[in-house]
Every structure is written in C-alpha cells, then in structure tokens.
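Here the structure comes first, spelled out in structure tokens, and everything after it is commentary.
Worth saying up front: this structure is predicted, and the values here are computed from it rather than measured.
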Amino acid sequence: ATDPDPRGETETTASERSIGIYMFQGFSIRKYDFLLVILVTCLSIFGVVAVTSADPGLTARQIYGLAIGLAVMLVVSVLDYRRILRLYWAAYAACIFLLILVWRFGLSGGGARRWINIAGLTFQPSEAGKILLILFFAKFIMEYREKMSSALLFPICCGLALLPVG
C-alpha cells in the first residue's frame, strides 16, 4: 500500500512509514537554519551559566535538561509538520494524557501541582500541551472549515478547548 505525497512528488510504502523515513521527507540540509540552532544553543548555555552562578548545585541538572532539550529540538526541527498534523487527534489525546499525569502524579510547587518527573527530568506538561493544542486546533479547523458556520461546530470546538482546562 502506498500513499501519495501531499505535494504529489513521490509515493511512500508502508515499510518507509514504519521506520520513520516518511516524517523526514522534504528535509534539505541546504535549507536548514544552522544559525538559529547555534543561537538557541548559545542562549541556552548562557542560561545554564546564569543558573550555575546562582546555585552551583543545579549545574548537572541544567546541563542534562539542556542536552535533552537540544536533542528534541533537532529532531523536531527536521520533521515535516504537515505529516505531523495528520496525527492531530493523537496530539489532542497526548495533551489530555499529559494533563492527567500531572493531576494523578504531579509534583507540587508554589502551591500548585504543575510538574511531573520523567527519567529524572522535571517539566511542565502544560508547556507541551500548549503546542499540541495549537497543532490540534489548526488541523481541526482546517478539516472542518466548511462547517465552521454550523451552529453545532462552535460548541464542539469550545468543548474540546475546555476539556484540557478541566
């Protein structure tokens, strides 16, 4: 089984999709913005130095977070977002799942439960949730733009937006 490329250029097989090649099609090393990656890395290193000057005990943790963040940034930056948008319901489900994890297993800080710890890295799932919700609603509205004037679709959008708010 093959699927045509959205631009109509090539077809991909199920085996190509299964190993992830499908998500990286269209990537060009010549068009990659290395300057942006370098600037983000420098700014992040500056942040680690600033935190280290305030509390040297946090250095290893900050470097660990920086390394994971840079790795995720590099992977995400070469993915074709149009292909990711095909998984818009999965993005919405992931957002809800992350928020349930916080509700169930979250760490409290400053009087609120907003953090979870995964593999020694503490992060706020609501930050990832914001991006996932933006992707979800962008694709959802694109899919149903003809029906946007429908009296039923607006309450559905509101309900989908309110569910993560809880």
Side-chain angles (χ1 to χ4, degrees), residues 1-28 31-33 36-37 40 43-44 47 64-166:
T2 62
D3 285 335
D5 184 273
R7 296 169 299 222
E9 296 173 359
T10 62
E11 291 190 358
T12 59
T13 64
S15 63
E16 286 175 325
R17 284 191 308 272
S18 67
I19 58 174
I21 294 171
Y22 183 68
M23 295 299 263
F24 294 99
Q25 282 184 343
F27 172 71
S28 171
K31 293 180 182 178
Y32 194 74
D33 195 350
L36 180 61
V37 172
V40 167
L43 185 60
S44 298
Y64 178 64
L66 173 63
I68 290 175
L70 289 175
V72 169
M73 178 190 70
L74 290 172
V75 170
V76 169
S77 70
V78 298
L79 293 176
D80 186 353
Y81 75 93
R82 291 168 295 208
R83 298 182 200 292
I84 295 171
L85 283 180
R86 291 182 179 176
L87 306 171
Y88 70 107
W89 279 105
Y92 185 77
C95 177
I96 300 299
F97 178 72
L98 287 173
L99 294 175
I100 288 171
L101 282 179
V102 170
W103 174 67
R104 182 70 176 102
F105 304 106
L107 305 172
S108 295
R113 185 180 298 193
R114 298 184 180 135
W115 303 84
I116 59 174
N117 188 335
I118 297 176
L121 180 68
T122 304
F123 75 102
Q124 280 185 298
S126 62
E127 297 302 319
K130 291 175 193 175
I131 296 168
L132 294 173
L133 282 177
I134 289 168
L135 290 173
F136 169 77
F137 278 108
K139 182 64 175 182
F140 185 81
I141 291 170
M142 284 189 319
E143 286 290 318
Y144 298 102
R145 64 183 166 264
E146 291 85 22
K147 297 179 182 177
M148 284 312 265
S149 61
S150 167
L152 183 60
L153 194 60
F154 182 71
I156 291 172
C157 283
C158 289
L160 289 169
L162 289 175
L163 184 61
V165 175

Original post:
Which heavy-atom pair separates Leu66 from Ser44 by the least distance, and what is that distance?
Top reply: CD1-CB, 3.1 Å
Original post:
Once you round to the nearest 0.5 Å, how far does CD1 of Ile131 lie from OG of Ser126?
Top reply: 10.5 Å
Original post:
From Leu107 CG over to Arg114 CZ, what is the distance, rounded to the nearest 0.5 angstrom?
Top reply: 13.0 Å
Subject >> Heavy-atom pair of closest approach, residues Met73 and Val37 >> reply: CE-CG1, 3.8 Å
**OP:** If a pair satisfies salt bridge (Lys or Arg N to Asp or Glu O under 4.0 Å) and one of its residues is in residues 120-130, list it, with sequence neighbours excluded.
**Re:** Glu127-Lys130
Original post:
So how far is it from Leu133 CG to Tyr88 OH, rounded to the nearest 0.5 Å?
Top reply: 14.0 Å
Subject >> Between SG on residue Cys95 and CG on residue Leu160, distance to nearest 0.5 Å >> reply: 11.0 Å
Original post:
What heavy-atom pair brings Ala128 and Leu98 nearest, and what distance separates the two atoms?
Top reply: CB-CD1, 4.1 Å
Original post:
What are the two closest heavy atoms between Tyr92 and Pro164, and how far apart are they?
Top reply: OH-CD, 3.8 Å
Original post:
Would Phe140 and Tyr144 count as a close aromatic pair, with their ring centres under 6.0 Å?
Top reply: yes
**OP:** To the nearest 0.5 Å, tell me how far Ile116 CD1 sits from Leu99 CG.
**Re:** 9.5 Å
**OP:** State the CG-CG distance between Leu132 and Leu87, to the nearest 0.5 angstrom.
**Re:** 11.0 Å
Original post:
Would the number of heavy atoms belonging to other residues, nucleotides or ligands and lying under 6.0 Å from OH of Tyr32 be above 12?
Top reply: yes
Subject >> Within 6.0 Å of OH in Tyr64, more than 12 heavy atoms from elsewhere >> reply: yes
